[in-house]
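A quick write-up on the structure given underneath.
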Amino acid sequence: MAFPVFDLAAFEGAHQDARHAEAAKLDKICRETGFLVLTGHGVQDDTIQNAWRAAATFFAQSAPAIQAVAPPYQGYPYGYLGPDAEALARSKGEVTPPDLKESFNGGPLHVPAGTSGPALDFCYQPTLWPELPAFRSAWEEYYAAMEELAARIMRAFAAALGLNASHFDPYISQPISALRALHYPATIDAPMAKQQRAGAHTDYGSLTILLPQAGSQGLQVERHGDWIDVPAPEGAFVINIGDLMARWTADRWVSTLHRVVAIPGQPARQSLAFFHQPNWEAEIVPLDGSERYPAVKSGPYLMQKFQAAGT
């Protein structure tokens with residue numbers, strides 16, 4: 001199949017009739033695959049390249065330097081997670097060996113005044129910054145750009161769902177999103193049975209903005225029993241719907257199973273994944289007014305999903 005592509009700038013700049021047509025196109029993509037290649041995003045190339053360099057420099061450090069920002073205790077959400085720390089397929093109930101990847105993870109840039117309890121203990125814990133020149137500034141610049149891009153995509157989503165463009169704005173005024181830099185080491189030997197670079201899973205939140213290494217291979221989506229390769233064109237992002245958005249739309253839109261496949265002889269691979277999540281207290285109920293899903297609050301829902309994927 002030709003992988004779906006959506007031009008965000010074309011949608012935003014279109015007149016009314018053309019805008020409706022673009023919104024209908026986006027709705028069709030989200031109904032059928034829940035994955036798309038996003039062009040016309042407007043994120044500055046310097047912002048992207050600085051983030052790439054920061055991530056590459058981090059993973060090129062010595063083991064002691066990398067481990068210096070490992071989580072201080074089990075369940076701490078940010079910092080460095082090594083190759084044996086996560087098995088994403090477990091979030092779908094499948095028992096597998098740990099994924100063949102390592103990551104650096106960071107959370108929101110600001111803590112809202114008055115935050116306490118589980119929100120403070122979980123998503124608003126401090127990011128553990130490595131002692132690398134320019135790392136934090138590059139990371140925060142990229143995070144802020146992703147937060148802005150996610151808000152624009154959510155406005156396009158609102159149009160695709162036939163809602164007022166600002167419908168989602170109150171739900172994402174203080175999002176609890178996370179940014180993850182991923183490094184998949186080169187594979188030499190055959191992986192263990194059921195082991196992948198990232199096990200088959202769905203994402204948890206409203207949407208994910210993935211920046212894959214241009215031309216890289218391995219990301220696949222499952223549709224009707226087949227695994228389909230996701231392209232990684234230069235200068236584009238890959239966007240996918242998460243479980244929370246599927247609930248929100250009463251399964252009008254699909255949160256698609258995906259994985260990063262592991263086979264012998266693969267080169268190392270990097271990506272940056274921004275997991276957009278509505279405000280901690282945002283109450284998510286089906287937009288169609290149905291009782292297909294009970295109401296959930298964004299933060300506790302995310303925390304439960306996160307804990308299910310740990311090893």
Side-chain angles (χ1 to χ4, degrees), residues 69-82 84-93 98-99 103-130 136 139-140 143-144 146-148 150-151 154 167-182 198-199 201-209 240-250 255 273-287 291-311:
V69 291
Y73 55 82
Q74 181 73 23
Y76 193 91
Y78 307 128
Y80 171 73
L81 293 180
D84 295 325
E86 192 173 53
L88 287 173
R90 296 186 188 183
S91 67
K92 307 302 289 186
D99 295 339
S103 65
F104 177 83
N105 305 271
L109 303 183
H110 308 288
V111 181
T115 301
S116 61
L120 187 62
D121 294 339
F122 181 63
C123 68
Y124 286 113
Q125 287 287 345
T127 297
L128 306 176
W129 299 110
R136 181 171 180 173
W139 184 273
E140 291 186 335
Y143 185 106
M146 293 300 99
E147 204 165 54
E148 180 181 347
M154 290 293 285
H167 178 85
F168 292 118
D169 289 2
Y171 297 89
I172 60 171
S173 58
Q174 295 176 330
I176 52 172
S177 306
L179 176 59
R180 166 172 278 198
L182 290 146
H201 65 286
T202 54
D203 289 347
Y204 309 148
S206 43
L207 66 98
T208 300
I209 305 174
N240 65 278
I241 299 302
D243 297 342
L244 197 65
M245 183 59 74
R247 291 179 68 109
W248 221 342
T249 64
S255 178
F274 182 79
F275 300 100
H276 185 251
Q277 183 80 16
N279 305 353
W280 180 274
E281 291 289 341
E283 187 171 74
I284 310 302
V285 298
L287 290 163
E291 297 181 357
R292 186 175 183 90
Y293 293 105
V296 293
K297 287 193 174 181
S298 169
Y301 176 83
L302 174 66
M303 188 165 60
Q304 181 272 324
K305 289 275 193 174
F306 181 89
Q307 290 168 345
T311 58

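Source: prediction; values computed, not measured. The chain is numbered in sequence order, starting from 1.
Between Lys297 and Pro278, the closest side-chain pair of non-hydrogen atoms is not below 4.5 Å. Side chains of Lys305 and Leu244 form no contact here, defined as non-hydrogen atoms less than 4.5 Å apart. The shortest distance between side-chain heavy atoms of Leu207 and Met154 falls below 4.5 Å. Side chains of Pro175 and Asn279 form a contact here, defined as non-hydrogen atoms less than 4.5 Å apart.
In this structure, Thr127 contributes its side chain and Gly107 its backbone to a donor-acceptor pair below 3.5 Å.
Sequence neighbours left out, the pairs with a member in residues 105-117 that pass side-chain hydrogen bond (donor to acceptor under 3.5 Å, both in side chains) are Ser103-Asn105, Asn105-Arg180.
Phe274 is linked by a ring pair (Phe, Tyr, Trp, His ring centres under 6.0 Å) to Tyr143, counting only residues two or more places apart in sequence or in another chain. Scanning for ring pair (Phe, Tyr, Trp, His ring centres under 6.0 Å) contacts around Tyr301 gives an empty result, with sequence neighbours left out. With sequence neighbours left out, the salt bridge (Lys or Arg N to Asp or Glu O under 4.0 Å) criterion links Glu148 to no other residue. Judged as a ring pair (Phe, Tyr, Trp, His ring centres under 6.0 Å), and not counting sequence neighbours, the contacts of Trp248 are Phe168, Tyr171. With sequence neighbours left out, the ring pair (Phe, Tyr, Trp, His ring centres under 6.0 Å) criterion links Tyr76 to Tyr73.
When each of Trp139, Tyr78, Tyr80 is tested with Phe104 by the rule ring-ring contact (aromatic ring centres under 6.0 Å, His included), just one qualifies, namely Trp139.
A centroid separation of 6.0 Å or more is found between the aromatic rings of Trp280 and Tyr124.
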